[in-house]
Each structure stands twice: as C-alpha cells, then as structure tokens.
Student: 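One structure, pasted below without further comment.
As a basis for the values below, the full set of heavy atoms in this structure was taken, side chains included, without hydrogen atoms, waters or symmetry mates.
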Amino acid sequence: MSKKLFQGSKNSPDYLLALTIFLLLLIGVVMVYSASAIWGEYKFGDSFFFVKRQLLFAAAGVVAMFFLINVPYITWQKYAKPLLIICFILLLAVLIPGVGMVRGGARSWIGVGAFSIQPSEFMKLGLIIYLSSYLTSNQKYITSFKKGFLPVILLVFVAFGLIMLQPDLGTGVVLVLTCMVMVFVSGAKISHFAGLGILGIAGFLGLIISAPYRINRITAFLNPWEDPLGNGFQIIQSLYAIGPGGLMGLGLGQSLQKFFYLPEPHNDFIFAILAEELGFIGGSFVIVLFVLLLWRGIRVSLAAPDTFGSLLGLGIIGMITIQIMINVSVVTGLIPVTGITLPFLSYGGSSLTLTLCSVGILLNISRYAKL
C-alpha cells in the first residue's frame, strides 16, 4: 500500500456507522442506570454508582475512538507483533497470584480496586490485528495445512489455553470463533475446518466434563425448571423479565426483575431488562441497530483498499457480532449461560473501552474505503 494513499485520500468516516455506534452507546448508558440503580443504592448507598463509572469508561472509550479514527489503520500492521507480545505478557501476568484479581471465580483482571483491566479483552483485538497482518503477508500459503493453516491455529489455541486457565470460556469462545472467521475469509480450505471442527467438539466436550459447573449450565439450559433456585435461576429470571415486557414494555425504569431477582442485571443480562422495560419494540430497535452495525461494518471492510484493511475490518465486526449473538441467545434461553457481555450496552470497563477502540479502527478504515 503506497504512502500516498494514506496521506491524500482520506474521506470523512462512515456517518451511518458512527451514528449507529453512538445510538447504541447512549441506549447502553440509559439502560445501565435503569438496571443498576437499585443495586447501587443497596450496595453502595448511591443509585448512580454504576452509571457514573459507565460514563467514565464510555468517555475514555470515546476519546480513544476519536484518536484511533485519525490513526491510519495501516499503522497497526507495523506494530502487530509487539502488540501481540504485550497481550500475551498480560495474559501470563494475570495468572500470577497477587497480580491477577479474582472476580466471580475467575482470575481475569489486573489493576487496583474498581479500576482494572481484563487482558483477555485486549487479546481479542491484539490477535485480530496480528492475524490480519500475518494472513495478508502469507496469503499464498493459507491453502497449505502445514505452512498456512497450522501456524495460525496453534497461535489461536495458545491464546485460548491461557484464557481458559483463568478460566473464561465465554471470552475464549469469542476469540476462537472470530479468528476462524478471519482464516475462512482469507481462503483456507473447508477440509481443514472439518478436521478442526471434529477436534474442537472433542475438546469442548472435554472442557465441559472437566468442570462440573459447566455440566450444570448445560443441564440448566436444557431444562432450567428442573433446578429453578439453582443452576436454572438466571435463565428463568431472564425469561420472566422478557415475557411481561410484551409489545410496549412496562416503561423505562419500571422493571421488576432488577429488584434482586435477576443477578447483576446491568451486566450480561441487560438485554432482558431492556426487553422488560421497552418491550418487543424496544428490543427489536436495538437488534435493528446491531444489524445495521453489521451491514455497515461488512460494507466498509469489503470496500477497504487493501487486504489488511479488509481482514482487520472483518475481524473487528466479526468479534462484535459473535458477542452480540452469544449474549442475546443466552438471555433468550437459546444457549447455555456463558458470561459474555453485550457490546455497547453492558456495564464494564475493559469490554466497553476495547469495543470503542475497535470501532475507532473500523471507522478509520471507512475513511479510506471506496464506498
């Protein structure tokens, strides 16, 4: 890619993509307050406790996003390897007792108190950038199992293995699926994926069997009413939130399930509270925004002026879409509980900041895309 292209051919970012992002972010802030006010009042004596932090994370993320909109995306190809090494160092550091912080049974955070980062979140973006660079430089080898496919798979599963040591199955699954999408669109053979799929199913079954709580989650997914006060509690309470919402919802702020029925409703299950308060129409509007985000993201990626930009854009929009599909499927009882946040809407520092940084890069790609 010539330097001239990146010096003189910049356009405005994709305004429809940017508007979609800001609408989702605004809805997210409103819903975090609505879903968390009672929890903040009960735990900290401040109904604004969670939303104030969400606003802080959102502000930091938006500043980072605007900065990245103005950084030519080709820059990341140069720093792909150092960024990946830093991500691996952080993943190793989080496993060290005294360095990594344990929350919800997983040693996934590094930091002090409420202000901490989740290295596995940054590994997702770091690996997307690296694979975009690697697959661009080695595209002629991608149809070769030994020279193209195997090195990528080994790298991805080393990252997945470190994440599973925390353990964080949800983030690990998103990372693996995102990377597989990137490898697939770069031209890998279907036969290689077939063999990997068989191996993956066997490995996934092994992970489930090795941890009793995962078996319980599967059991709860198949029949949550078998253990309504235990393993099936979250799914049942989520469905109890969605059902009464009806067409128009109970009204903003009027959720009943957030009153200590649905555990931490401002996190993984925020879509259930949204559906309860804003109904089918509100939930559908958010889904439409997500579909619009996917469409514009794919269009920008396919219109990028080089292979690196296309793969980077598809990796970013693939990661966000996979997370959305998993979260909404969990909330609606279609798949077992995985602990995945809903992009732009769920409460969380690392996840929100990482997502906004990612779409900042995507918006920069749109400045060079031939839309």
Student: Is the shortest heavy-atom distance from the side chain of Leu356 to the side chain of Phe344 under 4.5 Å?
Tutor: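 Touching, per the 4.5 Å side-chain cut-off.
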Student: So, Gln234 versus Asp268: side-chain donor-acceptor pair below 3.5 Å or not?
Tutor: no
Student: I need the minimum non-hydrogen distance between Ala241 and Ala272, along with the two atoms involved.
Tutor: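 The answer is CB-O, 3.7 Å.
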Student: Just checking Tyr73 against Tyr368, ring centres under 6.0 Å apart?
Tutor: yes
Student: Any ion pair linking Arg299 and Asp14 (charged N to carboxylate O, less than 4.0 Å)?
Tutor: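 The answer is no: the pair does not qualify as a salt bridge.
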Student: So how far is it from Phe22 CZ to Leu17 CG, rounded to the nearest 0.5 Å?
Tutor: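 Nearest 0.5 Å value for the CZ-CG distance: 10.5 Å.
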Student: Any side-chain heavy atom of Cys179 sitting closer than 4.5 Å to one from Phe160?
Tutor: no
Student: Considering non-hydrogen atoms only, spot the tightest contact between Gln77 and Ser133 and give its length.
Tutor: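 Taking Gln77 first and Ser133 second, the nearest heavy atoms are CG-OG, 3.5 Å.
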Student: Tell me the closest heavy-atom pair linking Ile326 and Ile335, and the distance in Å.
Tutor: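 Closest approach of Ile326 to Ile335: O-CD1, 3.7 Å.
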Student: Check the pair Met182 / Leu314 against side chain to side chain contact (heavy atoms under 4.5 Å, CB included), numbers first and verdict last.
Tutor: CA-CA 7 Å; Met182 295 179 67; Leu314 287 171; 5.8 Å; no
Student: To the nearest 0.5 Å, how far apart are CD1 in Ile324 and CE in Met319?
Tutor: 10.0 Å
Student: Walk me through whether Ile128 and Thr178 qualify under side chain to side chain contact (heavy atoms under 4.5 Å, CB included).
Tutor: CA-CA 8 Å; Ile128 287 171; Thr178 301; 3.8 Å; yes
Student: Would Val71 and Trp76 count as a side chain to side chain contact (heavy atoms under 4.5 Å, CB included) if you check the C-alpha gap in whole Å, the side-chain angles of each, and the deciding distance to 0.1 Å?
Tutor: CA-CA 9 Å; Val71 176; Trp76 303 111; 4.2 Å; yes
Student: Is there a side-chain contact between Cys357 and Phe122 (heavy atoms, below 4.5 Å)?
Tutor: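 In short, these two side chains do not touch, never coming nearer than 4.5 Å.
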Student: Under a 3.5 Å distance rule, please check whether Asn70 uses its side chain to pair with a backbone N or O of Phe66 as donor and acceptor.
Tutor: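 Between the backbone of Phe66 and the side chain of Asn70 there is a qualifying donor-acceptor contact (under 3.5 Å).
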Student: Measuring from atom CZ of Phe57 to atom CG of Leu352, what distance do you get when rounded to the nearest 0.5 angstrom?
Tutor: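 Going from CZ on Phe57 over to CG on Leu352, the span is 8.5 Å.
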Student: Please enumerate all residues that pass ring-ring contact (aromatic ring centres under 6.0 Å, His included) together with Tyr33, with sequence neighbours excluded.
Tutor: Phe48
Student: Where is the tightest heavy-atom contact between Ser255 and Glu276, given as atom of each residue plus distance?
Tutor: OG-OE1, 2.5 Å
Student: According to a hydrophobic-cluster definition based on side-chain heavy atoms being under 4.5 Å apart (Ile, Leu, Val, Met, Phe, Trp, Tyr only), do Leu302 and Val181 belong together?
Tutor: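 Yes, one cluster joins them.
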Student: Answer yes or no: are there more than 12 heavy-atom neighbours, outside Phe184 itself, under 6.0 Å from its atom CZ?
Tutor: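 No, CZ of Phe184 has 12 or fewer neighbouring heavy atoms, counting only those of other groups under 6.0 Å.
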Student: How many angstroms lie between atom CD of Gln257 and atom CG of Leu239, to the nearest 0.5 angstrom?
Tutor: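 Here the interatomic distance stands at 10.0 Å.
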Student: Please tell me if the side chains of Cys87 and Leu127 come closer than 4.5 Å, counting only heavy atoms from C-beta onward.
Tutor: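 A side-chain contact under 4.5 Å is absent here.
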Student: To the nearest 0.5 Å, what is the distance between OH on Tyr130 and CD1 on Ile85?
Tutor: 9.0 Å
Student: Flag yes if more than 12 heavy atoms outside Tyr141 fall under 6.0 Å of its OH atom; otherwise flag no.
Tutor: no
Student: Is any side-chain heavy atom of Glu264 less than 4.5 Å from a side-chain heavy atom of Tyr347?
Tutor: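 A side-chain contact is absent here, since even the closest heavy-atom pair is not under 4.5 Å.
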Student: Heavy atoms only: give me the nearest Ala275-Ile242 pair and the separation to one decimal.
Tutor: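 Looking at all heavy atoms of both residues, the shortest contact is CB-CG1, 4.1 Å.
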Student: Drop me the distance from Met31's CE to Leu274's CG, to the nearest 0.5 angstrom.
Tutor: 4.5 Å
Student: Please walk me through it: do Phe50 and Asn267 pass side chain to side chain contact (heavy atoms under 4.5 Å, CB included)?
Tutor: CA-CA 10 Å; Phe50 291 103; Asn267 285 333; over 6 Å; no
Student: Give the minimum heavy-atom separation between Phe49 and Gly40, together with the two atoms involved.
Tutor: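 Minimum heavy-atom contact is CB-CA, 4.3 Å.
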Student: I'd like to know if the side chain of Glu277 pairs up with that of Ser34 as donor and acceptor (distance under 3.5 Å, no hydrogens or angles considered).
Tutor: yes
Student: Flag the pair Phe67 / Val63 as yes when at least one side-chain heavy-atom distance between them is below 4.5 Å, and no otherwise.
Tutor: no
Student: Find out whether Gln166 and Leu91 are in side-chain contact, i.e. whether some heavy atom of one side chain is under 4.5 Å from a heavy atom of the other.
Tutor: yes
Student: Any non-hydrogen side-chain atom of Gln118 less than 4.5 Å from a side-chain atom of Asp168?
Tutor: yes
Student: Who are the ring-ring contact (aromatic ring centres under 6.0 Å, His included) partners of Phe260, not counting sequence neighbours?
Tutor: Trp39, Tyr42
Student: Heavy-atom count around Phe44 CZ within 6.0 Å, excluding the residue itself: above 12?
Tutor: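 Atom CZ in Phe44 is crowded, with more than 12 foreign heavy atoms closer than 6.0 Å.
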Student: Same cluster for Tyr15 and Leu294 if Ile/Leu/Val/Met/Phe/Trp/Tyr side chains link at under 4.5 Å?
Tutor: no
